[in-house]
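Worksheet: the structure to be examined is printed underneath.
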Amino acid sequence: MIVMENVCKAYPKSGGRGPVRVLDGVSFHIQPREYAAFVGPSGSGKSTLLNLMGCLDSPTSGRYRLDGTEVSSLSARELCALRREKIGFVFQGFQLLQKLSAWENVAFPLLLKGVEESRRREAALETLRKVDMADRAQHLPNQLSGGQQQRVAIARALCGSPRLLLCDEPTAALDPATRDDLLALFARLHQEGHTIVLITHDLSVAQRAEHRFRVEGGRVTEEA
Ligand code: ADP
Ligand code: MG
């Protein structure tokens, strides 16, 4: 699903300092249907790595293949199309549209694809059922708890049936009990055949995944 070979990422110099090399020769792969966690301290390059995996940014050098497509050579427009087709994103801050109901948030990617309303609604309700939120379909985000909002965000990520679910600190804004509920949901989605990649600074979150990678000092190493 994901193959990275010797990937480097540097940010251009700013404020009198030289270029910042964040990732310095990173190689790993992730198989379809795997559940992988990347763990590392704050500032170690986890979000940079997730942005690369998610085709939101391009490596400075090295090769990246996503689901058989060589990403490094694609234009911004092609990256956007690839992202829309293959990837569902989940973020720490949920990123729901506040004026849309739960189901409308979930269906939003389908709206962008031009799917008609009755089919959008049907698909959204189906996906909300998967995350145990079908009974809150009409609620606005501010009428939902943090954990419930994150479930809606996960449903939105899943709605277009992406090949890959990419999650950046998905539980960091939640209390411990809600976090555990959400981790149980990720475990269930994994069992149902989804490919999940999650980044976290929290070792106890990473321990719930099937494979763990450590991000530190510009390198990524797989843990036994
Ligand atoms: P993490 O998610 O592990 O906390 P990040 O990937 O966000 O780490 O950041 C890694 C390093 O790269 C940090 O030192 C950060 O300051 C730097 N960095 C991140 N994004 C940029 C950017 N757009 N321009 C310059 N430096 C950046
Ligand atoms: Mg980060």
Side-chain angles (χ1 to χ4, degrees), residues 1-30 34-66 71-72 74-77 79-80 82-83 87-96 146-147 149-150 153-154 156-157 162 164-176 178-179 182-183 185-186 195-223:
M1 175 66 74
I2 286 181
V3 180
M4 289 226 179
E5 282 171 19
N6 206 18
V7 165
C8 298
K9 180 70 188 180
Y11 292 109
K13 63 175 154 195
S14 63
R17 300 194 359 226
V20 191
R21 272 179 95 79
V22 179
L23 300 174
D24 196 11
V26 162
S27 304
F28 62 88
H29 21 201
I30 292 170
E34 217 173 285
Y35 177 8
F38 290 78
V39 65
S42 180
S44 58
K46 301 185 299 298
S47 294
T48 300
L49 185 62
L50 186 119
N51 290 344
L52 293 177
M53 286 194 267
C55 305
L56 293 161
D57 201 358
S58 310
T60 310
S61 64
R63 290 158 56 95
Y64 173 31
R65 212 157 63 242
L66 170 65
V71 175
S72 332
L74 297 183
S75 68
R77 177 191 286 267
L79 283 177
C80 182
L82 186 69
R83 198 158 63 221
I87 305 173
F89 289 95
V90 177
F91 298 100
Q92 174 174 350
F94 323 135
Q95 319 261 30
L96 298 175
Q149 289 185 61
Q150 194 59 303
I154 292 168
R156 177 181 54 190
L164 174 65
L165 198 58
L166 276 183
C167 315
D168 191 347
E169 302 273 8
T171 61
L174 304 173
D175 63 73
T178 310
R179 185 197 67 184
L182 223 29
L183 290 173
L185 173 61
F186 281 124
T195 310
I196 302 174
V197 172
L198 178 156
I199 70 168
T200 179
H201 66 276
D202 184 342
L203 197 55
S204 67
V205 170
Q207 267 157 357
R208 307 287 284 269
E210 183 187 19
H211 297 280
R212 259 172 309 287
F213 296 87
R214 174 153 283 278
V215 186
E216 206 155 25
R219 299 298 177 120
V220 170
T221 44
E222 185 163 4
E223 295 189 340

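Note that these values count all heavy atoms, side chains included, but never hydrogens, waters or copies made by symmetry. Remember, it's 1-based here, ligands and their atoms both numbered in the order they're listed.
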- Task: Output yes when a side-chain donor or acceptor of S72 lies under 3.5 Å from a complementary backbone atom of Y64, and no otherwise.
- Result: yes
- Query: For I154 and L185, what are the C-alpha separation, side-chain angles and deciding distance, and is it a side chain to side chain contact (heavy atoms under 4.5 Å, CB included)?
  - Reply: CA-CA 10 Å; I154 292 168; L185 173 61; 4.0 Å; yes
- F94: what forms a ring-ring contact (aromatic ring centres under 6.0 Å, His included) with it, not counting sequence neighbours? none
- Any donor-acceptor N/O pair, K46 side chain to H201 backbone, under 3.5 Å: no
- Euclidean distance, Q150 CD relative to Q92 CD, rounded to 0.5 Å: 9.0 Å
- Task: Pull up every protein N/O/S atom sitting under 2.8 Å from the Mg ion (ligand 2), skipping waters.
- Result: S47 OG
- Message: My understanding is that only residues two or more places apart in sequence, or in another chain, count here; which of them pass side chain to side chain donor-acceptor pair (under 3.5 Å) with D57?
- Response: K9
- Query: Measuring from each atom of ligand 1, which residues have a heavy atom under 4.0 Å away?
  - Reply: Y11, V22, P41, S42, G43, S44, G45, K46, S47, T48
- Take E34 and H211 through the side chain to side chain contact (heavy atoms under 4.5 Å, CB included) test and state the conclusion after the steps. CA-CA 8 Å; E34 217 173 285; H211 297 280; 3.2 Å; yes
- What's the verdict on side chain to side chain contact (heavy atoms under 4.5 Å, CB included) for S58 and L79, showing C-alpha distance, side-chain angles and the deciding distance? CA-CA 9 Å; S58 310; L79 283 177; 3.9 Å; yes
- Kindly assign one of parallel, tilted or perpendicular to the pair F213 and F38, based on the angle between their ring planes and the thresholds 30° and 60°. parallel
